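What follows is a set of notes on a single structure, which appears directly below.
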Amino acid sequence: MHATLKPEASTSSADPVLRVDNLKAYYQMNYFGVSREVRAVDDITLTIRRNEIYGIAGESSSGKSSLIKTIAGAIRPPLRVVSGSVRFDFDGRTLDVYNDPEAMKAARWRHLSYVMQGSMNVLNPVRRVKHAFHDFAFRHMGLSPSAFRARVEAHLERIGLDPQVLESYPHQLSGGMRQRLAIGLATVCEPEFIIADEPTTALDVLVQQDVLALIKDVQMRLGSSIIFVTHDMTVHAAIADRIGIIYAGRLVEEGPSQAMFEQPQHPYTAHLIASLPRIGDTTRRVSLPGKPPNLADPPSGCRFHPRCPLAIAKCETESPPLVPRGEGRVACWRAGEVAAA
Amino acid sequence: MSALLQLDHVGRSYPVGGFFARRQLQAVKDLSFTLNADRPEIFTIVGESGSGKTTTARMILGNEVPTSGVIRFLGQDVAAIRSRKDRLAFMAKVQPIFQNPFEAFNPLTTLDFYLYSTARRFLGLRTRAEIEAAADKALQHVGLSLVEVRGRYSHELSGGQLQRIAVARALIPSPKLIVADEPVSMVDASLRMSIVNLFRTLRDDLGVTIIYITHDLSTAYYISDRVIIMHKGDVIEAGDARAVLGNPSEDYSRALRNAVLPPDPVAARRIIEARLERRRAALTEAGT
Amino acid sequence: MFSILRDLLRFNVEFLIGFLLTGTIFLFAAAHFFAPYPDTAIYLLPPDMPPSAEFWLGTTSRGQDVFWQISGAIWNTMTFGLTVMILSRIVALAVGMVSGYLGGKADEVLMTINDTLIALPNIPILLLVYFVMRDQMTWPLLALTAALLGWNYDARLIRSVTLSLRNREFTRHAVFAGMSVPQVLIRQHLPYVMPVVFFTAMNNLIWAIGLEVTLSVLGFSDVNRPTVGGMIYWANQHQAAVSGIWWWLVFPIVAVVLLFLGLFLLAISINEYIDPRSRLSRMGG
């Protein structure tokens with residue numbers, strides 16, 4: 001059969017599919033009398049447009065995984081939403097993740113799906129792959145079993161997998177194939193929103209590129225929005241339309257990827273990009289001094305100030321707000337001076 | 001010229017499969033290279049998962065025995081080192097850096113214990129002051145000091161700091177060779193280059209030869225002197241790092257080289273789009 | 001140590017209940033040192049008296065005070081159980097850790113012994129020992145025999161934990177840091193094995209007490225020394241259940257059930273506390 005490609009929807013469309021407003025989600029723990037509060041998601045506001053890939057970059061324990069868990073409504077104690085809202089807009093209907101659990105349940109997989117790092121976590125190792133498709137997607141599609149099967153097979157063919165894989169067990173497939181299957185599983189219902197959490201991190205370089213191309217392909221065909229989380233800035237360069245940089249639970253910079261790589265506004269972003277080694281260039285790269293902040297006891301003022309080469313007295317006491325600048329937003333008192341430094 | 005480490009047609013196979021369909025998996029096939037004792041260098045082994053690079057590291061460290069060929073360290077067959085005394089003498093000259101610093105330090109043991117133990121065993125130091133001085137000296141090499149480390153547990157420090165402590169610990173016996181297996185893959189991007197740069201300092205200032213094992217061609221290009229590219233146990237290409245990685249001649253190494261995404265949205269996007277076109281063309285062809 | 005106990009009592013209901021139960025029973029058992037009658041004396045009191053103000057839990061058909069009998073019996077039974085537990089833990093730890101860490105020939109030999117012991121049935125062996133020893137059968141000898149039979153499953157469990165620890169990077173790191181085998185085992189691995197030891201210790205204690213009760217009920221122990229099982233043995237000998245002397249049977253059984261419950265609650269709450277993951281989260285605080 002012919003692979004039919006939907007005409008690409010206009011990327012300039014500004015209507016948001018996801019609005020996150022002043023979201024705060026904290027880990028509140030109490031172990032035998034020691035109570036701790038970890039501000040993993042600290043006052044984050046962002047919107048994701050239809051038909052865009054939004055990359056979220058941040059280091060380990062910067063709060064990026066907590067953020068997407070909170071967005072997906074998949075949090076469990078000790079992580080709790082303290083304030084703020086997460087609202088999706090599916091089919092013209094607004095869905096408030098933390099006020100409408102029933103509608104959220106119905107929207108899962110049909111409108112909102114996930115691709116995770118360990119594809120083995122989605123695929124049950126002792127059941128054939130076809131059961132995974134049945135479990136996740138069947139009740140959302142409203143099709144007869146045979147029509148469902150035909151639809152799944154057509155979908156797999158489109159993403160370059162032999163429908164025969166439906167009869168295999170996960171361990172019979174390579175890592176790349178499993179990750180492709182996980183993507184197939186997440187996109188078979190043609191959802192409007194896909195959350196991809198480090199989907200290429202565990203893959204070998206050759207396979208990684210393939211999977212990225214697949215994600216891009218599916219996204220273009222379905223016109224869905226993807227929130228793509230990875231710590232690897234080169235992956236963001238390759239796939240994200242816009243990038244949000246998370247540092248210590250806060251969004252410190254956001255903007256179109258092209259502009260961000262050309263002229264980062266936040267010193268942290270500037271460092272992340274400048275420290276990337278590239279083949280053909282052996283000029284010395286440096287690392288940031290200091291250690292990543294402890295979210296249970298973050299630095300005062302701007303959380304980046306202890307490691308920042310541009311820090312001034314104000315940075316130690318006052319936390320900079322996230323304000324529009326150029327094509328994006330940035331939270332830094334010395335945002336204009338980064339390129340000069 | 002004397003050889004520090006010499007791998008002579010080294011192979012390693014594992015039996016795999018069930019009871020009836022038993023066959024041998026060749027993890028490493030006929031691997032040969034020599035590191036020169038007089039000229040410290042950063043020797044990089046590049047490969048994907050299943051290429052045999054970690055097996056190679058384990059064999060060099062004596063944690064695994066080659067099924068064919070010989071590994072000689074300063075002329076001595078590594079596989080023949082059996083007694084505890086000989087092992088200790090060997091470990092004083094060859095030290096490892098592990099992939100995951102959070103895994104390499106026991107979370108229930110203080111970090112300084114690793115340093116003290118190394119100093120006591122390999123340097124034969126007895127008094128507390130001597131041991132602490134040795135630990136502090138090693139930590140100075142990696143830009144830390146004993147005050148920052150004493151009494152700390154691994155979860156109190158970042159991955160980058162832990163990996164630096166791991167390097168410091170490995171330096172205590174003044175080793176000739178450090179085998180670092182994916183030392184930065186678990187370290188945050190903002191701290192990664194501090195480790196990579198450190199290897200350069202070790203080579204230049206302390207004369208330590210480093211075997212750097214990685215899947216990341218960009219850092220390999222950045223610090224290596226020589227490189228070998230492994231694929232499914234075979235050496236695909238070997239030679240000067242800048243030449244091999246900058247301009248690979250074999251199909252596999254070229255593919256690997258081209259799969260490295262540049263940190264530049266325009267170029268990176270072009271790579272993905274080219275791949276996308278190929279995919280679509282292949283699908284259209286399959287459909288007709 | 002004291003603060004750990006305080007935290008556990010304050011924040012863990014299971015531990016609180018278990019602690020109170022076990023503590024009360026322990027105090028009750030310790031009280032037998034102040035008993036007004038020697039615990040092996042018989043026909044000292046009027047027999048078959050129901051519970052009353054004078055004899056709180058009644059008296060037996062052998063003219064003993066049930067209250068003081070249970071007090072002594074629980075003490076002896078607990079001593080037996082603890083002895084078995086400690087001895088068998090030592091064997092299980094040594095065998096399991098050495099076998100798991102060294103591997104190879106040592107592992108093969110130790111595990112062959114282990115599996116052979118698993119295959120042997122416990123009760124018949126204990127009976128055999130009893131019939132061989134007859135009058136020389138004392139409780140320490142019985143405890144030793146039980147301990148030698150009670151370590152093998154747990155040694156396998158400990159071995160499997162050590163086996164997985166052996167391949168962890170921190171073990172290889174410790175070896176390259178020059179640590180000796182005892183150092184690796186005690187400093188690096190023991191903290192991970194301790195939860196297993198603790199949990200199996202409680203299970204083992206319960207098993208040992210159960211074993212002692214079983215053997216005594218059947219009369220295959222030193223029945224003149226008061227134990228929980230021994231009491232039930234004598235109650236059966238005097239057909240207490242048929243002749244309506246219920247207090248001779250019910251109270252020892254209630255006491256041993258409460259002891260089991262208390263130990264079980266202690267086991268699960270201590271285990272939760274020493275779980276390395278939750279301990280680490282606390283250390284982070």
Side-chain angles (χ1 to χ4, degrees), chain A residues 1-3 5 57 59-62 157-160 175 202-210 212-214 216-217 220 231-240 256-262 268 271-282 284-292 294 307, chain B residues 47-51 143 156-161 186-197 200 215-223 242 245-246 252 255-280 282-284 286-288:
Chain A
M1 65 148 257
H2 249 284
L5 299 175
E59 298 177 287
S60 53
S61 69
S62 61
E157 266 178 27
R158 257 199 313 262
I159 64 171
L203 300 175
D204 281 326
V205 264
L206 289 173
V207 185
Q208 179 186 32
Q209 217 185 74
D210 230 24
L212 288 175
L214 171 64
K216 186 77 192 156
D217 187 20
M220 283 166 80
H231 66 275
D232 187 343
M233 287 301 283
T234 57
V235 169
H236 285 303
I239 197 164
S257 47
Q258 180 83 47
M260 189 179 282
F261 272 87
E262 272 169 14
Y268 179 61
H271 168 80
L272 280 183
I273 293 169
S275 71
L276 293 169
R278 60 194 300 170
I279 292 176
D281 180 1
T282 52
R284 195 168 172 82
R285 301 287 196 274
V286 288
S287 272
L288 278 176
K291 60 182 268 191
N294 175 5
R307 304 171 76 189
Chain B
E48 297 185 282
S49 54
S51 62
E156 297 175 69
L157 301 174
S158 75
Q161 279 172 312
M186 309 293 277
V187 175
D188 277 324
S190 73
L191 305 166
R192 192 167 289 174
M193 295 319 282
S194 70
I195 308 296
V196 174
N197 288 333
R200 217 182 239 181
H215 67 271
D216 177 14
L217 274 70
S218 322
T219 54
Y221 185 91
Y222 179 68
I223 57 162
R242 306 284 139 72
L245 296 174
Y252 176 76
L256 211 56
R257 162 74 179 80
N258 292 335
V260 177
L261 293 168
D264 165 17
V266 181
R269 208 153 292 221
R270 208 176 294 132
I271 291 176
I272 297 294
E273 264 152 28
R275 174 71 62 130
L276 204 79
E277 285 312 313
R278 279 210 298 284
R279 269 181 53 83
R280 285 181 178 162
L283 284 175
T284 318
T288 45

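Below, read A as the first sequence line, B as the second, and so on, with proteins coming before strands; counting in each chain starts at 1. Computed from a predicted model, the values in this text were never measured in an experiment.
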(request) Let me know if B:V196 has heavy atoms under 4.5 Å from chain A in its side chain, its backbone, both or neither. (result) neither
(request) Report the option among B:A255, B:S218, B:A220, B:G246 that has the most heavy-atom pairs separated by less than 4.5 Å from atoms of chain A. (result) B:S218
(message) Taking every non-hydrogen pair under 4.5 Å, which of A:L288, A:V207, A:I279, A:T234 racks up the most with chain B?
(response) A:I279
(request) Enter the distance from B:T219:OG1 to A:R285:CZ here, rounded to the nearest 0.5 Å. (result) 11.5 Å
(request) With rounding to the nearest 0.5 Å, note down the distance linking CG in A:L214 to CZ in B:R275. (result) 11.5 Å
(request) Without swapping roles, check the side chain of A:Q209 against the backbone of B:N258 for a donor-acceptor pair under 3.5 Å. (result) yes
(request) Report the distance from atom CZ of B:R280 to atom CG of A:D217, rounding to the nearest 0.5 Å. (result) 4.5 Å
(message) So A:R284 and B:N197, do their side chains get closer than 4.5 Å, heavy atoms only?
(response) yes
(request) Report the distance from atom CD of A:Q258 to atom CZ of B:R269, rounding to the nearest 0.5 Å. (result) 7.5 Å
(message) Any non-hydrogen side-chain atom of B:L261 less than 4.5 Å from a side-chain atom of A:D232?
(response) no
(request) Identify the two heavy atoms, one from A:P277 and one from B:Y222, that lie closest to each other, and give their separation to 0.1 Å. (result) CB-CB, 4.3 Å
(message) For a quick test of reading the model, state the closest non-hydrogen atom pair linking A:A237 to B:P262 and the distance between them.
(response) CB-O, 4.3 Å
(request) Return the minimal non-hydrogen interatomic distance between B:S194 and A:S287, and the atom names on each side. (result) N-OG, 2.6 Å
(message) Counting heavy-atom pairs closer than 4.5 Å to chain B, which one of A:I273, A:D210, A:L203 comes out on top?
(response) A:D210
(request) Would you please say whether a donor-acceptor pair under 3.5 Å links the side chains of A:T282 and B:R242? (result) no
(request) Flag the pair A:M220 / B:L276 as yes when at least one side-chain heavy-atom distance between them is below 4.5 Å, and no otherwise. (result) yes
(request) Against chain B, label A:A240 side chain, backbone, both or neither, depending on which of its atoms sit under 4.5 Å from a heavy atom there. (result) backbone
(request) Can you see which heavy atom on A:L206 is nearest to which on B:Y252, and at what distance? (result) CD1-CE1, 3.8 Å
(request) Give me the one residue out of A:H236, A:M233, A:R278 that meets side-chain contact (heavy atoms from CB on, under 4.5 Å) with B:P263. (result) A:R278
(request) Considering only heavy atoms and a distance below 4.5 Å, find which of B:R278, B:Q161, B:E156 pairs most often with chain A. (result) B:Q161
(message) In the structure I gave you, are the side-chain heavy atoms of A:V286 and B:M193 within less than 4.5 Å of one another anywhere?
(response) no
